[in-house]
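In what follows, a structure is listed as structure tokens, so that the remarks can point back to it.
Every chain is numbered from 1, with letters handed out A, B, ... down the list of sequences. Just so it is clear, the model here is predicted, and its values are computed rather than measured.
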Amino acid sequence: MATEAAPMDEKAKRMRDLLSSFYTPDPSISTPTSSISTSFDNINGPSFDADQYMDLMIKKSNLDVLLQRHVQMAAEIKNLDTDLQMLVYENYNKFISATDTIKRMKSNIFGMEGNMDQLLHKIMSVQSRSDGVNTSLFEKREHIEKLHRTRNLLRKVQFIYDLPARLQKCIKSEAYGDAVRFYTGAMPILKVYGDTSFKDCRRASEEAIETIIKNLQTKLFSDSESIQARAEAAVLLKQLDVPVDSLKDKLLEKLEQSLDGLQINPDEASKLAEHNVSSKDEESNNQGPAKIHEDAVRGFSEAMRAYREIFPDSEERLFKLARALTTTHFENMELYIRKRVSAADFLGIFRIIWEDVVLMDEVLPEAALSDLSAEAAQVTLKQFVARTFSHLQQDISDTLLKFDINQKEVVDGEVLKVVLEASGKAVLQGTTDIFQEFRQLLDENTGIFVKMNDLLIDWIQKGFQDFFRSLESHFLVLSGKTSSSNETEGLVEGKSSEKIHAGLILVLAQLSVVIEQKVIPRIAEEITASFSGGNSQAFIPGELCRVFHAASEKLLQHYIDTRTQKISNVLRKRFKTPNWVKHKEPREVHMYVDMLLQQLEEVGKEVKQILPQGTFRKHKRSDSNGSNTTTSSRSTTLHSDKMARSNSQRARSQLFETHLAKLFKQKVEIFTKVEFTQESVVTTTVKLCLKSLQEYVRLQTFNRSGFQQIQLDIQFLKAPLKETVEDEAAIDFLLDEVIVAASERCLDVTPLEPPILDKLIQAKLAKSKEHNNNNNKTTVSS
Amino acid sequence: MQGGSSGIGYGLKYQARCISDVKADTDYTSFLTGTLSLKEENEVHLLRLSSGGSELICEGLFSHPNEIWDLASCPFDQRIFSTVFSTGESYGAAIWQIPELYGQLNSPQLERVASLDAHVGKINCVLWWPSGRCDKLISMDEQNIFLWSLDCSNKSAEVLSKDSAGMLHSLSGGAWDPHDVNAVAATGESSVQFWDLRTMKKVNSIERAHVRGVDYNPKREHILITAEDESGIHVWDLRKAKAPVQELPGHTHWTWAVKCNPEYDGLILSAGTDSAVNLWYASASSTNNKAPESPVESTRERVNLLLNSYTDYEDSVYGLAWSSREPWVFASLSYDGRVVIESVKPFLPRL
């Protein structure tokens with residue numbers, strides 16, 4: 001009907017919808033198009049109310065429309081009627097054909113029953129026949145089975161009887177694996193019947209097995225065998241219930257013993273290092289000890305690898321062994337660097353150790369050897385740095401002390417100069433060398449070193465800083481200025497300090513200057529040049545310069561102190577011994593003047609060797625250190641009063657003149673700052689001595705002759721002192737001061753007449769000249 | 001450096017070496033000083049610091065027969081003092097009493113209480129019993145040490161005991177231990193020696209050459225300070241006298257005298273022939289833990305130890321005395337006869 005309704009599509013669709021809605025239980029689903037809004041005028045909707053529809057229609061439409069509607073509706077109803085009729089016919093047709101088909105099937109099934117019965121009968125007969133066959137063959141089969149079992153048993157017996165022979169054969173062909181398999185297979189039987197039927201057999205096979213075990217053990221122990229073979233041997237031994245653990249212990253012990261051979265003997269280390277370096281150059285020379293060592297370690301690590309495979313449970317022991325080797329390596333290294341070692345040698349050894357560690361690390365990565373050795377390496381390296389510095393300090397102090405044996409020579413010869421030059425060189429060269437060595441360390445790119453680079457830079461800087469600091473305190477100790485901190489030692493130092501030669505102190509002072517001005521800037525330069533990347537600030541050149549500057553000044557002061565102390569002793573003896581109140585008339589210039597001049601000459605000589613010549617300046621007032629001593633006006637006037645009463649007119653006027661002159665003289669500075677020049681040091685020494693002289697004079701009381709003696713001595717001193725000294729005004733002033741002091745402490749001031757003074761001085765000069773000629777030795781040159 | 005404007009000056013007529021604090025004067029801060037003139041009439045001046053502390057007044061001026069090398073005021077009677085004097089050829093020591101009503105006399109004469117006339121050689125110093133009323137005295141010459149008993153009312157002194165140090169030692173000065181009245185230190189040619197007064201025997205010595213001045217620390221037992229010609233000032237602990245516990249650089253030339261402050265522990269004053277007086281602070285803590293210090297630290301510390309240097313002097317300073325009444329005040333005396341009173345207050349660290 002659908003095909004038929006193709007032209008009247010609208011209509012057919014509605015039809016189908018209606019029909020389907022009729023068959024479908026739920027109308028809301030099948031007619032989704034129906035809605036409440038259209039429900040009133042939708043005739044097809046389920047909720048269609050005819051009366052309502054009619055009311056609506058009548059209300060809404062006029063007659064024409066109603067009529068038209070009526071006609072339309074009548075036509076539709078007619079259509080629906082015919083459609084329904086057609087449907088009924090179709091259904092009926094189908095029903096009839098179904099009835100026909102069922103009738104046909106019934107007739108076909110009817111003949112099957114007879115065939116089925118026939119089939120059942122035949123199967124029954126087959127079964128009975130097969131039962132017959134079974135029963136007839138049963139006996140024979142049982143027999144065969146029995147025979148088979150016997151044969152198996154016999155074969156086993158045969159196997160056991162054959163076992164010894166078989167084992168022997170296996171031993172011969174070294175097929176230990178088979179042998180062990182055979183033996184273990186036969187084991188249960190042997191265990192049960194071993195004591196009865198198979199006694200001999202068992203004994204024989206056990207013997208064979210023993211030889212097998214023996215062979216396996218030798219195989220296990222022999223290093224020439226492959227690891228595979230040895231591992232197999234170990235497995236076999238284990239299968240044979242041989243106590244493998246004790247074997248393992250034995251093996252490991254052996255391995256441990258071999259450690260001794262691997263150690264780097266500190267005594268031979270240098271040789272090793274040398275060869276290591278040289279063998280790199282010439283590949284042909286493979287028999288160097290380094291190579292031997294390397295092979296040994298390689299062997300060791302191979303062994304470890306083997307044991308590790310053979311005895312998987314032995315790892316702990318092996319770790320321990322490897323660690324022990326590493327530690328002893330580093331311990332030996334420490335011993336080794338206790339002696340002097342160059343960085344190259346150090347590196348050589350270090351490389352060897354590192355190679356060893358790498359080798360072992362490959363075998364036993366879990367042992368964390370690289371961590372361990374990194375730690376140890378840090379310690380060692382740090383120690384190496386520290387030791388290198390202490391060696392350098394030792395070197396420097398050796399150079400300083402080497403020459404200072406014969407003091408006489410020191411003064412006369414150029415020894416001080418030599419010492420200064422040598423030690424200066426030692427410091428400069430030493431520090432640069434050290435630096436170069438450290439550069440070598442830094443350039444090294446062995447695994448650990450790369451990691452430690454920053455640390456190393458830090459250590460080096462810190463090392464330099466500490467080195468210079470300790471050098472400074474060492475200088476002070478050497479000079480006897482500070483006794484070392486230990487008190488008992490302090491006593492020793494105190495004693496020896498008197499033996500310390502003054503020249504050495506001067507050398508130390510100048511050396512400090514050299515360090516301050518040359519060495520430290522140079523090192524600072526090198527450090528900034530090399531470690532510009534590093535952010536470590538351990539090396540502070542400014543601070544060190546200050547330290548050494550202070551040290552140099554301190555040492556120079558100490559030098560002057562020691563020198564003046566010596567002269568003071570001369571003076572003290574001079575003034576303590578005679579009774580000045582009962583002094584005899586002066587006959588000649590006193591001896592002590594010679595000693596004084598000699599001492600000053602020594603100072604001059606020492607200073608000339610060490611210190612630079614200063615620009616000659618008459619008298620400085622700029623850098624005065626503290627106050628000065630001038631004549632006190634009152635004492636001068638007092639003195640002039642005294643003079644006025646003095647009886648000797650000429651002498652009086654002479655003295656008076658000096659005093660008057662002093663009144664108008666400028667304030668003279670006595671205690672000026674010492675500079676690092678020959679003149680400054682000599683001048684300071686002379687000044688201090690003259691001041692001491694004045695103080696000694698002030699403590700005495702003189703009679704006329706005593707005063708005259710002082711006058712004479714001072715007069716004599718004037719010329720040679722002025723010659724040696726930069727600051728003439730100060731010397732003049734101080735010499736005058738001595739005279740003034742003497743006159744103040746004199747009971748009867750009567751100066752010597754100038755002619756007599758002259759005569760005595762000339763006599764002294766002549767005498768000293770003669771003395772010079774006689775002894776060919778310089779004492780005073782004037 | 002300090003300009004010296006704070007100091008109060010006073011000029012003596014002649015040169016002088018010694019000045020002493022009048023300890024027994026509790027009402028005023030006063031000092032006694034004596035001149036050293038070989039040929040002139042020597043004088044003893046009694047100086048008093050005015051109550052405002054701005055002026056130094058000459059309270060008394062007494063003529064003294066000879067030049068005075070040492071002067072010490074009696075610790076319990078402000079009118080009594082001792083001098084060591086020299087005629088140029090011989091030496092003498094005497095105890096003097098300032099006359100009562102000396103202000104009203106025109107030229108008051110000193111009363112000689114006693115002469116300590118057992119000496120033959122050059123007498124160095126007279127030491128009074130360090131504290132309290134006791135009539136014991138010590139006098140030293142170059143070889144001998146005498147213990148005297150002084151009787152003021154009878155105007156006599158007698159030797160209780162004596163000991164000879166021997167020819168070689170040539171004693172030069174000394175100090176009486178304020179903590180142990182039986183101990184006396186004497187400086188000699190090559191060592192500082194210690195006597196026990198009960199047995200009058202030498203008990204101990206510090207081997208140290210050329211010690212000029214010596215003083216006990218009145219605040220801490222066993223601590224002794226020495227001043228040496230060239231090698232500065234040393235602080236010693238007498239229980240371990242082998243090495244000094246502390247070292248101060250001293251003066252540019254000789255360090256002549258050294259005095260511990262009577263009240264503030266560690267405050268040391270030194271006078272030198274470089275015409276300067278230096279004020280040091282040698283703290284007790286640094287004295288105790290000197291050992292662990294690194295040399296550098298101690299150097300730095302040494303620099304800080306010098307609190308001030310008074311340099312306003314024209315000549316060597318020999319005389320030095322703290323006031324016991326006002327312990328921040330000291331008197332110094334330079335050879336040209338100039339007394340300068342200074343206060344250390346501005347330089348004290350956290351006191």
(message) Minimum heavy-atom separation for A:Leu688 and B:His253, please, with both atom names.
(response) O-NE2, 3.2 Å

(request) Would you give the length of the straight line joining atom OG1 of B:Thr252 to atom CD1 of A:Ile560, rounded to the nearest 0.5 angstrom? (result) 11.5 Å

(request) Please flag which part of A:Asn569 lies under 4.5 Å from any non-hydrogen atom of chain B: side chain, backbone, both or neither. (result) side chain

(request) Assess whether salt bridge (charged side-chain N to carboxylate O under 4.0 Å, His left out) is satisfied between B:Lys39 and A:Glu744, documenting all intermediate values. (result) CA-CA 9 Å; B:Lys39 282 155 263 177; A:Glu744 279 164 1; over 6 Å; no

(message) If the test is side chain to side chain donor-acceptor pair (under 3.5 Å), which one of B:Trp254, B:Trp256, B:Tyr318 qualifies with A:Glu695?
(response) B:Tyr318

(request) Could you grab the distance from atom OG1 of A:Thr701 to atom CG of B:Leu38, nearest 0.5 Å is fine? (result) 5.5 Å

(request) With a 4.5 angstrom heavy-atom cut-off, could you sort out which part of B:Glu189 is near chain A: side chain, backbone, both or neither? (result) side chain

(request) Compare all side-chain heavy atoms of A:Asn703 with those of B:Glu89 and state whether any distance is below 4.5 angstrom. (result) no

(request) Could you tell me whether B:Asp274 and A:Lys691 make a salt bridge, using a distance below 4.0 angstrom between a side-chain N and a carboxylate O? (result) no

(message) If we ignore hydrogens and angles and just use 3.5 Å, is the side chain of A:Lys576 paired with the main-chain N or O of B:Ser170 as donor and acceptor?
(response) no

(request) May I ask you to decide whether B:Asp315 forms a salt bridge with A:Arg698, counting only side-chain N to carboxylate O separations under 4.0 Å? (result) yes

(message) How close do A:Leu699 and B:Arg212 get, counting heavy atoms only, and between which atoms?
(response) CD1-NH1, 3.7 Å

(request) Let me know if A:Ser470 has heavy atoms under 4.5 Å from chain B in its side chain, its backbone, both or neither. (result) neither

